[in-house]
Amino acid sequence: MIQVKLPDNSIKNFEQALTILDVAKSISPSLAKATLAGRINEELKDVSYLIDHDCSLKLVTEKDNEALDIIRHSAAHLLAQAVKQLFPGAQVTIGPVIENGFFYDFSYERAFTPEDVVLIEKRMHDIVKSNQIIERKELSREDAIAYFASIGEKYKVEIISAIANDQVLSLYTQGDFTDLCRGPHVPSTSKIKAFKLTKLAGAYWRGDSKNEMLQRIYGTAWRNKEELDNYLTIQEEAKRRDHRIIGKNLDLFHQQDEAPGMIFWHPKGWAIWQEVEQLIRREISLDGYQELKTPQIVDRSLWEKSGHWSMFGESMFTTHSENRDYAIKPMNCPCHILVFNQGLKSYRDLPIRFAEFGSCHRNEPSGSLHGIMRVRNFIQDDGHIFCTEDQLQNEAQKFIDLVFRIYKIFGFNDVAIKLSTRPEKRVGDDSFWDSSETALANALESKNLKYTLQPGEGAFYGPKIEFALKDCLGREWQCGTLQLDPNMPGRLGATYIAEDGSKKVPLMLHRAVLGSLERFIGVLIEHYAGDFPLWLAPIQAAVLNISEKQAPYAVSVYNNLKNNGFRCELDISNEKIGYKIREKTLLKVPYLIIIGDKEIENNTITLRKRDGTDMGSMTLEQFQELLGSELIS
RNA sequence: GCCGGUGUAGCUCAGUAGGUAGAGCAGCUGACUUGUAAUCAGAAGGUCGAGGGUUCAAUUCCUUUCGCCGGCACCA
């Protein structure tokens, strides 16, 4: 007698061993049809799994969230099967589930073309139609290696060879295709109902740039067509928000061949920048930061002392003059230490908080550049805190508060926190790393903040806390960072006089709330889709006249607003009002001011918001009050 | 940096099986004087990313190179 406990705590008794599918059938035929897998004592299993002992069972159907991963994994196999049928010379490697879909990497004598992908996707649909049963089989390591070696799948052999000896290996077969896989999978190919191949790309074997480059095919897969369409719509939306397109349409900035990875900020883009920079300036001064400015180009010897020359020499821009080598600064911290080093510092002076909007250059690999999100010249809302070990926790807490305070102003309320610990390539001994990692973790825990651990992701000089905000499409952007650096102050000779009269080396915290302003503004553009809130809008209002007659009145309204500090535009061209409204609406101007004869007569203005709302007429004074109150909120 | 794609007017894009290119919008000129998302007309606008090669002839073919796009790798 076998007892199977179901999620509603009811218990079903069976005379003999049976599969998960059999259990589903015993409940209802339609449930059996919908079942994709089962969770036996919390472990996911195929529907063909044989239940031969008492257990709890939760049937996984299309409706369950966990079904999605199974479908996607099966879609990856489906892709591999189609590729093997069309290109028998291709070797399969790995095909995991990723966010929103899956990919599969192949080794092939040539790159796949977009035309190939069309054929592959078509073949995948054919295989789905033919409803091939997906069967699981267990094999010994030796047999599995022998099998894949016999069909010439060298990568699979390599993968199996790396798997521990005592692991049971499972193979999944569907029609003419067999793949090594942990599973589980859907019971047959017809269960994969909604998928689409999305991208073609090169990818290194095992993610290592020293290895062969494989052909990666990306796809997305969903429970049904509605979900797939919904996903594709969101992708379209993301494309519509692309900061490179909006940046061009709104005339915010441009980039050109002569300066790859650098931004030419236009007046309108720079207006946004200034607002963001001023906001940071206000907020950090409340937290006791002092702003300063340090040189752009600094002698090589400083970078050698700081460790950058050996650690990041290749990605620093250099120059030289009169037999001296210089680096164009890739970061501000060494210079901040040089400022700290001027004059004796007492423990009474600490903590000292320096801030700088310093322009930094890093020679990022060409392939990594992306609009204004990843650039070679950037400015961070950078800052460095010099403090004692006792002050560390308090400073970390204070900074965490600052980050949340500022993100909230932009409407980012969902923030993911990550703690990155010691990387392989690092300076400083292990006791430094032990204590500093603990200190950061304590700061987070004292604030009851949840965080994920990222082992090996720390900076070469110390561990860090990273703050990733979520935009309105749910995408994560890592912006804020707090990095503990117990090494650099010592390397550059920073000291303070302690209470007992001895010289001590201060701790340093590198911190930024927004990170690179270029990137942060890129995030803002995509988050708001160009519809900036009034305080950030490059043009806050546009004055439009109906016809030539009202031009002088329109000019006076424009001048009045401009003189009161609002960013304003005037259009008194000989165009119809509909044309002017369309133009300014496309430029996402929050308020359009329409001036016709009526307005002159009543000494008012008529307002239209960028979303089309007609706000009727009011006096200019009333409008300015309205703007003022919107700016404060 | 690596793999693949791509580069034509200010913008969005078409085109040439090798014979130095075309549309819409914008800009310019003119007419119209307009009431809430594109008024009409005219003229003009291009070393077809850059260098080299093949050819009588290259924007088109070959090659080198640069930028951009999608990934991978990288991201102090």
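Residue numbers start from 1 in every chain, and the chains themselves are labelled A, B, ... in the order their sequence lines are given, proteins ahead of strands.
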With rounding to the closest Å, how many angstrom separate the P atoms on B:U65 and B:C72? 25 Å
For the side chain of A:Met213, counting heavy atoms from C-beta on, which of B:A38, B:C75, B:C2 is nearest? B:C2
Base B:A37 paired with A:Arg608 side chain (donor-acceptor, <3.5 Å): yes
Check the phosphate of B:U12 against A:Lys248, side-chain N and O only, distance under 4.0 Å to OP1 or OP2. Yes or no? yes
Report yes or no: is there a donor-acceptor pair, N or O only, under 3.5 Å between the side chain of A:Arg374 and the base of B:C75? yes
Using a distance-only criterion (donor-acceptor N/O pair, under 3.5 Å, no hydrogens), is the base of B:U33 paired with the side chain of A:Asn574? yes
Answer whether the closest heavy-atom distance between the side chains of A:Ile385 and A:Arg353 falls below 4.5 Å. yes
Side-chain atoms of A:Ala459 come closest, of B:A76, B:U36, B:A37, to B:A76
Distance, rounded to the nearest Å, where A:Glu548 contributes CD and B:G35 contributes C1': 17 Å
Is a donor from one side chain sitting under 3.5 angstrom from an acceptor on the other, for A:Asp597 and A:Gln550? yes
Base B:G71 to side chain A:Tyr204, donor-acceptor N/O within 3.5 Å cut-off: no
Is the distance from OP1 or OP2 of B:A38 to the nearest side-chain N or O of A:Lys580 less than 4.0 Å? no
Test A:Met373 against A:His243 for side chain to side chain contact (heavy atoms under 4.5 Å, CB included), laying out the working first. CA-CA 9 Å; A:Met373 298 289 202; A:His243 73 279; 3.3 Å; yes
Examine B:C72: is either OP1 or OP2 under 4.0 Å from a nitrogen or oxygen in the side chain of A:Arg206? Give yes or no. no
Is a donor on one side and an acceptor on the other found under 3.5 Å between the side chain of A:Asn363 and the backbone of A:Thr318? no
Over 60° means perpendicular and under 30° means parallel, so tell me whether A:His77 and A:Tyr104 are parallel, tilted or perpendicular. perpendicular
So which nucleotide from B:A76, B:G35, B:A38 ends up closest to the side chain of A:Tyr579? B:A38
From the list B:C74, B:A37, B:A76, which nucleotide is the closest neighbour of the side chain of A:Ser368? B:C74
Please confirm whether any donor atom in the side chain of A:Gln256 sits under 3.5 Å from an acceptor in the base of B:G49, or the reverse. no
Compare side-chain N and O positions of A:Lys199 against OP1 and OP2 of B:G71 and report whether any pair is under 4.0 Å apart. yes
Provide the Watson-Crick or G-U wobble partner of B:C75, both distances under 3.5 Å; none if there is no partner. none
